[in-house]
Amino acid sequence: MKKNKMIVTVIFAFALLTAAFAMSNDGGQQPVKQENGTDVVQAQSEQVQQGTTVTEQAGQDSQKEAPKRATIAQLEGYVLENVWPDQEKEIDVDEYEKIKEDYINKGKKLNLENWKIKYYWSNRVNLTEYENLYNLNAITKNVDAASRTIEEKALLSQIIVIGSVYNIVSDDRKNARFHTSCEIKIDEFILGKEFFLNLPSSLILNLESDYKKGIWDYEPNLVKGKKYMFFLSRYPIEDYAQNNESCKRTNHLSDYKELPDNVNLNNVFSLVSYSTIEVNNLKDSEINRMKDTFTQISEINDCYNFFDRVYDKGEIK
């Protein structure tokens, strides 16, 4: 009997040692329940669905946050091509609206009338340099185009060239906006080379006067062979094109005027303030003095950074 008790005691002790040894080998971790195949597939499906939801949400947030962009031509409502060489550049719509708002506020602080603020905006006049331009006589209180200074005409010009008229062509359409086109041979660029990718050797100047019937008082009488300084811009033509669009929308067709077929070419211009200067009798020193002044005005105005400027601070972004 004593012998049997000893055997049972030994067996029990051996069992306890075996259990302790097994626990030490598994690091004391609890046994992990094994998932069946259905549980695994379900878990993976939930993870995929969660991933898809996160991806879709990220895409929606990206669409919400993506800035609206448009070309300068679209934002400015240009009808014609080549009004400005950078008009197909895309810019942020919200930034454009902020720039325009700041520009208008700047004009109001300068006590400018609304029509003049709009006019300066269209012609890209840098109002952060208003005082400097005013001191150069490039900004005046003159309203009438004929009374503007040559410095003011230079400020409003996209290009200034010296050249001579070698051909005059009439537009005989009764409803033509420009009754006369003058072909100009360019002798020298004073300002505006940036306007062209390749500099033209000639350009076309549109005039409202019908040279067959006589010259209007506010336009020059250009003579073949004579040399002139031309103050030129494409914006007056764009202004007429916008007026035509307005006439069609409002059905005021009596004010609609036909524009030339070549009006979208970048070498077709109109006169700024209907102005030219005959240079045949000018001294070289006078011409050089004007060139220096025009260059100074152009550098101060810096029209090609017009939409990169912070108008409430007077600096480039």
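All heavy atoms count here, side chains included; hydrogens, waters and symmetry mates do not.
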### Message
Counting C-beta onward and ignoring hydrogens, is there a side-chain heavy-atom pair between Ile186 and Pro200 closer than 4.5 Å?
### Response
yes
### Message
Between Phe269 and Phe195, is the ring centroid distance below 6.0 Å?
### Response
yes
### Task
Kindly give the heavy-atom pair with the smallest separation between Ser270 and Phe178, and that separation in Å.
OG-CE2, 4.3 Å
### Message
side chain to side chain contact (heavy atoms under 4.5 Å, CB included) for Lys108 and Asn114? Distances and angles first, verdict last.
### Response
CA-CA 8 Å; Lys108 289 178 178 179; Asn114 289 336; 4.2 Å; yes
### Query
Would a 4.5 Å heavy-atom cut-off, applied to side chains only, mark Leu112 and Leu127 as touching?
yes
### Task
Say whether, by atom type as modelled, one donor and one acceptor occur between the side chain of Arg234 and the main chain of Glu81 under 3.5 angstrom.
yes
#### Entry: For Ile204 against Glu183, the heavy-atom pair lying closest together
CG1-CG, 4.5 Å
### Message
Within this structure, what is the CD1-CD1 distance for the pair Ile168 and Ile184, rounded to the nearest 0.5 Å?
### Response
8.0 Å
### Query
To the nearest 0.5 Å, how far apart are SG in Cys182 and OH in Tyr228?
9.0 Å
### Summary
When rounded to the nearest 0.5 Å, the distance separating OG1 of Thr71 from NZ of Lys89 is 12.0 Å
#### Entry: NZ/NE/NH1/NH2 to OD/OE distance under 4.0 Å, Asp102 and Lys106
no
#### Entry: Whether Asp92 side chain and Glu95 backbone form a donor-acceptor pair below 3.5 Å
yes
### Query
Which atom pair, heavy atoms only, marks the closest approach of Lys153 to Val272?
O-CG1, 3.8 Å
### Query
Side chain of Tyr311, backbone of Glu101: donor and acceptor closer than 3.5 Å?
no
### Query
Does a donor on one side chain sit under 3.5 Å from an acceptor on the other, for Gln74 and Tyr96?
no
### Query
To the nearest 0.5 Å, how far apart are OG1 in Thr180 and CG in Asp210?
5.5 Å
### Query
Do any N or O atoms from the side chain of Glu129 and from the backbone of Ile297 form a donor-acceptor pair under 3.5 angstrom?
no
### Task
Under the salt bridge (charged side-chain N to carboxylate O under 4.0 Å, His left out) rule, what do Glu188 and Lys291 come out as? Steps first, then yes or no, please.
CA-CA 11 Å; Glu188 182 182 358; Lys291 287 180 185 177; 2.4 Å; yes
### Message
Please check this pair: side chain of Asp239 against backbone of Tyr235, looking for a donor-acceptor N/O pair closer than 3.5 Å.
### Response
no
### Query
Between Phe294 and Met229, is any pair of side-chain heavy atoms under 4.5 Å apart?
yes
### Query
More than 12 non-hydrogen atoms from neighbouring residues, nucleotides or ligands closer than 6.0 Å to CG on Asn288, yes or no?
yes
## Note on the structure
Contacts of Asn175 meeting side chain to side chain contact (heavy atoms under 4.5 Å, CB included) (sequence neighbours excluded), chain-then-number -> Tyr256, Lys257, Glu258
#### Entry: Arg173 side-chain N/O to Leu259 backbone N/O, donor-acceptor pair under 3.5 Å
yes
### Query
Is the side chain of Ser181 donor-acceptor paired with the backbone N or O of Val169 at a distance under 3.5 Å, no angle test?
no
### Message
For Leu80, is there any backbone N or O sitting under 3.5 Å from a side-chain donor or acceptor partner on Gln87?
### Response
yes
### Task
Grab the two heavy atoms, one from Met290 and one from Ile150, that are nearest each other, plus how far apart they are.
SD-CD1, 3.7 Å
### Query
With a 4.5 Å heavy-atom cut-off, do Phe307 and Glu76 have their side chains touching?
yes
### Message
Counting neighbours of OH on Tyr134 that are heavy atoms of other residues, nucleotides or ligands and sit closer than 6.0 Å, is the number greater than 12?
### Response
no
#### Entry: Shortest non-hydrogen contact between Ile237 and Val268, atoms and distance
CD1-O, 3.7 Å
### Minimal non-hydrogen separation, Glu238 against Gly77, with atom names
OE2-O, 3.9 Å
### Query
Do Tyr166 and Leu222 belong together in a cluster built from hydrophobic side chains that touch within less than 4.5 Å?
no
#### Entry: Short side-chain to backbone donor-acceptor contact, Ser273 and Ser275, under 3.5 Å
no
### Message
My understanding is that only residues two or more places apart in sequence, or in another chain, count here; which of them pass side-chain hydrogen bond (donor to acceptor under 3.5 Å, both in side chains) with Asn301?
### Response
none
### Message
Counting neighbours of CD on Glu245 that are heavy atoms of other residues, nucleotides or ligands and sit closer than 6.0 Å, is the number greater than 12?
### Response
yes
### Message
If you define the side chain from C-beta out and look only at heavy atoms, does anything of Val263 sit under 4.5 Å from Asp261?
### Response
no
### Task
Tell me, with the steps shown, if Asn167 and Lys224 meet side chain to side chain contact (heavy atoms under 4.5 Å, CB included).
CA-CA 7 Å; Asn167 194 24; Lys224 285 184 182 180; 4.3 Å; yes
### Task
Show the numbers, then the answer: is there a side chain to side chain contact (heavy atoms under 4.5 Å, CB included) between Val125 and Tyr103?
CA-CA 10 Å; Val125 174; Tyr103 189 93; 4.1 Å; yes
### Task
Walk me through it: do Val223 and Val165 pass the test side chain to side chain contact (heavy atoms under 4.5 Å, CB included)?
CA-CA 7 Å; Val223 179; Val165 178; over 6 Å; no
### Query
Taking C-beta and beyond as the side chain, do Lys118 and Ile104 meet within less than 4.5 Å on heavy atoms?
no
## Note on the structure
Taken to the nearest 0.5 Å, the spacing of Leu207 CG from Leu271 CG works out to 5.5 Å
### Minimum side-chain heavy-atom gap Phe196-Phe189 below 4.5 Å
yes
### Query
Side chains of Asn126 and Phe306: closer than 4.5 Å at any heavy-atom pair?
no
### Message
Distance check, rounded to the nearest 0.5 Å: Lys185 atom NZ versus Ser201 atom OG?
### Response
8.0 Å
#### Entry: Lys116, NZ atom: more than 12 neighbouring heavy atoms under 6.0 Å
yes
### Query
Should we say atom CG of Leu253 is surrounded by more than 12 heavy atoms from elsewhere, each under 6.0 Å from it?
yes
